[in-house]
Colleague: 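Take a look at this one; I'll ask things after.
When a residue number appears, it is its place in the shown sequence, counting from 1. The basis for the numbers below is simple: all heavy atoms, side chains too, and nothing from hydrogens, waters or symmetry mates.
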Amino acid sequence: MKEITDMSIEELDEEMLENMVTWQYNGSKSTIDEFSELGSDRDYLLVHAGLENYSPEKDIEDYSLHELVWIRADYDEQ
């Protein structure tokens with residue numbers, strides 16, 4: 001994880017730049033807009049479209065970045 005600022009953008013490697021383009025293509029503006037509306041008095045776990053294997057007993061550090069960003073919950077599952 002790396003904070004992106006005007007100063008740090010020049011230091012990004014090609015892979016990170018490609019990842020940012022993919023993120024922009026997949027809805028970064030709405031994500032940033034909604035994130036900015038959250039209050040700062042709470043902790044949040046923000047994931048893309050749910051977390052398929054979420055468990056309240058599992059620490060956040062035990063999820064991979066891939067799971068948090070790309071793996072979606074199966075809402076059709078009974």
Side-chain angles (χ1 to χ4, degrees):
M1 304 296 273
K2 182 175 183 172
E3 181 180 7
I4 304 301
T5 65
D6 289 339
M7 292 176 61
S8 70
I9 196 91
E10 295 175 10
E11 300 170 5
L12 296 178
D13 61 26
E14 187 174 332
E15 180 182 8
M16 180 61 85
L17 288 172
E18 288 177 14
N19 288 340
M20 287 184 62
V21 168
T22 300
W23 181 53
Q24 289 175 337
Y25 179 77
N26 285 287
S28 67
K29 180 169 179 1
S30 60
T31 300
I32 291 169
D33 290 347
E34 291 177 18
F35 181 72
S36 66
E37 294 177 11
L38 297 174
S40 61
D41 58 335
R42 297 181 63 191
D43 292 330
Y44 297 93
L45 169 60
L46 305 174
V47 296
H48 183 235
L51 186 56
E52 180 180 47
N53 60 348
Y54 171 76
S55 169
E57 291 83 30
K58 192 172 181 179
D59 289 334
I60 188 64
E61 292 83 11
D62 294 332
Y63 295 98
S64 70
L65 181 58
H66 178 80
E67 288 176 300
L68 295 172
V69 174
W70 295 109
I71 304 300
R72 298 176 181 188
D74 185 358
Y75 295 109
D76 294 329
E77 195 173 285
Q78 302 293 331

Colleague: State plainly whether one hydrophobic cluster holds both Phe35 and Tyr44, where clusters connect Ile, Leu, Val, Met, Phe, Trp and Tyr through side-chain heavy atoms under 4.5 angstrom apart.
Modeller: yes

Colleague: What are the two closest non-hydrogen atoms of Glu67 and Tyr63, and how far apart are they?
Modeller: OE1-CA, 3.2 Å

Colleague: Is a side-chain N or O of Asp59 found less than 3.5 angstrom from the main chain of Glu61, in a donor-acceptor match?
Modeller: no

Colleague: CE of Met20 to CE of Met16: how many Å apart, nearest 0.5 Å?
Modeller: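 If I round to the nearest 0.5 Å, the distance is 8.0 Å.
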
Colleague: Would Ile32 and Leu38 show up in the same hydrophobic cluster when neighbours are defined by side-chain heavy atoms closer than 4.5 Å?
Modeller: no

Colleague: Distance from Ile71 atom CD1 to Leu65 atom CG, nearest 0.5 Å?
Modeller: 11.0 Å

Colleague: Atom CG in Leu12, atom CG in Asn19: separation rounded to 0.5 Å?
Modeller: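 Those atoms lie 10.0 Å apart.
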
Colleague: Tell me whether Tyr25 shares a hydrophobic cluster with Trp23, the cluster being built from Ile, Leu, Val, Met, Phe, Trp, Tyr side chains joined at under 4.5 Å.
Modeller: no

Colleague: Is Leu68 reachable from Tyr54 through a run of I, L, V, M, F, W or Y residues, each pair having side-chain heavy atoms under 4.5 Å apart?
Modeller: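 As far as the 4.5 Å side-chain criterion goes, Leu68 and Tyr54 are connected within one cluster.
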
